[in-house]
Structure formats: C-alpha cells, structure tokens
Amino acid sequence: MFVEPAGLPEVLRGRTLVMGIVNVTPDSFSDGGRYLEVDAAITHAHRLIDDGADLVDVGGESTRPGATRLDPADEMSRVVPVVRALADAGVPVSIDTMNAATAAATVDAGAVIVNDVSGGLADPAMLHTVAELDVPFVCMHWRGHADRMNDLAVYDDVVEEVYAELAARIAACDRAGVALERLVLDPGIGFAKDAHHNWALLHHLDRLTALGQPILIGSSRKRFLGSVLADPSTGEPRPTDERDVATAAVSAIAARDGAWAVRVHDAAMSRDAVAVGTAWRQG
C-alpha cells in the first residue's frame, strides 16, 4: 500500500521518491568529511539530483554508531548555508536533525521536510516546533543516542515492538498538534537493531504500512548489507562504498512494498531500482 504525506510540492507527489544523502559532517560512517565544506556539500547535492534523486536530505550531525552529540549552534553553522543555497536553486531539501532550533532555522532557509532520527524524543521541543512549522515530518523508530544504541538492540519480536513503539510516536505527534496527514514513519534500519532485526523489518514492511502512514526506508550502505556480502573466504564485510548494488536491491523491494521514499547515497542505482519495484507493485 503506497501512502504519501500531505504538504509536499507537486513535483514530489505520486511515486516512491529517492532521497539523496548529503552529510555535512566530518565523521559520518560512509563519507565523513568529504562534504563538510559548504561548496562541496552543495556540489554533491546537485550531483545527486542530476543522478536521479528527487530531493536531498542534508544533515550536520553524524548518527553513526558511537557518535557523540554536536552543539546545535555548530550544526546550524554547517547546514543552514547549504539548505539556503540549494532551496534558492530550486532543489527540494529535507533537513536531517534532532534539534528543534535547527529544524526551525532550516525550514526558514527553505527546507520542505524535517527528518528526525529520534522521532521527536531527543529534543522535547521538536514535536511542537514541527506542528508550528506545518511541514512533513519524518519520525524514526529510536531507542537512544548513537553512543549507546547498540546496547538497546534487544527485542522479543522486533516487528511487533517497532510497530507498537511507532504507534506510540504517532499518538505523541497527534497530542503535540502535528498534522498526521504530514507524518512519515521510518523503522530505523540499523538504529538499535542487529542484522536479523533489520531483515525482519524489511521482510514484514506490510506490518508497518498497516499503521497507515507513509514509510521511509534508510538502509543505504549499512553494516547489515556489508555482512550479507562478506568475503566468503575471510568473512570480512564488504567495504562501505561497495554496498550500493545491495542498497539498490533493498530500494526495489521497498518500492514494491509501498515505501514512500528510500534514503540513499547513490541516486542513480536506486532511481532505476525504484522504477522496477514500482512497476512490480503496479503490475
């Protein structure tokens, strides 16, 4: 079942979207430091759009396992100039942040979506801020910050527990005044989850779409893909930058199962994969 949020520009409606990742950080797990400078981040974002991304997700704080928190002022100094330049150039921008102040500043600079990997739990002001901003809000399943999330990957039934915890976030968003027709859910692939948890969630995506909200899938280049592609002789995981074909396979599956968007590092492969998955679903 394909569902999309209200409040998007017309150009972003009617299909599974490809969301390109722009990490304006020195320490992200895949491309840390490569796009830390404003001009490099802007150039990369335009390259993603040229390669088939429908929009870009700009983030200034790494959420890789073990990462420490960043001061919101430093985060804003990284992302606001990038968001403003891209928005001025007509590029649809999502802001990847756990801080309400950053969300407000970047929407003011032209961002059209707020993507919070903590689902509004890291900053008590986030849900009320998003309600006032009145833009689509991506609410991810989250159990704790990156420096401790691996210890929180404990489930009896990961699908049912993620379902229940996301349902609780829907209720919290509703209480805070967030328009539910603008709410997107993200199961948090790789966040407080081991490989078998990730695969179970992807296999049972229909259970999560039953919540009635659009679904974003962010599996790009993550460790569980490196493990499934491990060298058969040494057991060494596939290097991070060699996981894009596997990422595209997940993108196709996600589109087939009705995901609203996939968040990826390589736009070209996933654009093709989404087209195939969508044709499969519609066929």
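- Clustering ILVMFWY residues whenever any of their side-chain heavy atoms sit less than 4.5 angstrom apart, transitively, puts Leu8 in a cluster other than the one holding Val107.
- Remark: Arg182 engages Asp134 in a salt bridge, criterion side-chain N to carboxylate O under 4.0 Å.
- Taking the six-membered ring where tryptophan is involved, the planes of Phe224 and Trp199 are perpendicular, since the angle between them exceeds 60° and thus also 30°.
- For Arg207 and Glu160, the salt-bridge test passes: some basic side-chain N is under 4.0 Å from an acidic carboxylate O.
- Results of the side chain to side chain contact (heavy atoms under 4.5 Å, CB included) test with Ser251 over Val18, Thr16, Val264, Asp244 single out Val264 as the only residue that passes.
- Counting only distance, with no hydrogens or angles, the side chain of Gln213 and the backbone of Leu180 share a donor-acceptor pair below 3.5 Å.
- Taking the six-membered ring for Trp, Phe191 and His141 have ring centres at least 6.0 Å apart.
- The residues Asp54 and Arg15 are annotated as salt-bridged, a charged nitrogen and a carboxylate oxygen being separated by less than 4.0 angstrom.
- Side-chain atoms of Glu61 never come within 3.5 Å of backbone atoms of Met98 as a donor-acceptor pair (strictly under, hydrogens ignored).
- Ion pair Asp231/Arg238 not flagged as a salt bridge, since none of the NZ, NE, NH1 or NH2 atoms sits closer than 4.0 Å to an Asp/Glu carboxylate oxygen.
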- Chi angles and distances behind the side-chain hydrogen bond (donor to acceptor under 3.5 Å, both in side chains) call for Thr25, Asn23: CA-CA 5 Å; Thr25 63; Asn23 291 319; 5.0 Å; no
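- With contacts defined as side-chain heavy-atom distances shorter than 4.5 Å, the pair Ile21/Ser220 qualifies.
- With hydrogens and angles disregarded, a donor-acceptor distance shorter than 3.5 Å links the side chain of Thr106 to the backbone of Ala103.
- Checked options Asp186, Val184, Ile215, Ile217; the residue passing with Trp260 is Val184 (criterion: side chain to side chain contact (heavy atoms under 4.5 Å, CB included)).
- A donor-acceptor contact shorter than 3.5 Å links the side chain of Asp123 to the backbone of Ala100.
- The main-chain N or O of Thr102 is never found under 3.5 Å from a side-chain atom of Glu75 such that the two would form a donor-acceptor pair.
- Taking a cutoff of 4.0 Å between a charged side-chain nitrogen and a carboxylate oxygen, Arg221 and Asp266 do not qualify as a salt bridge.
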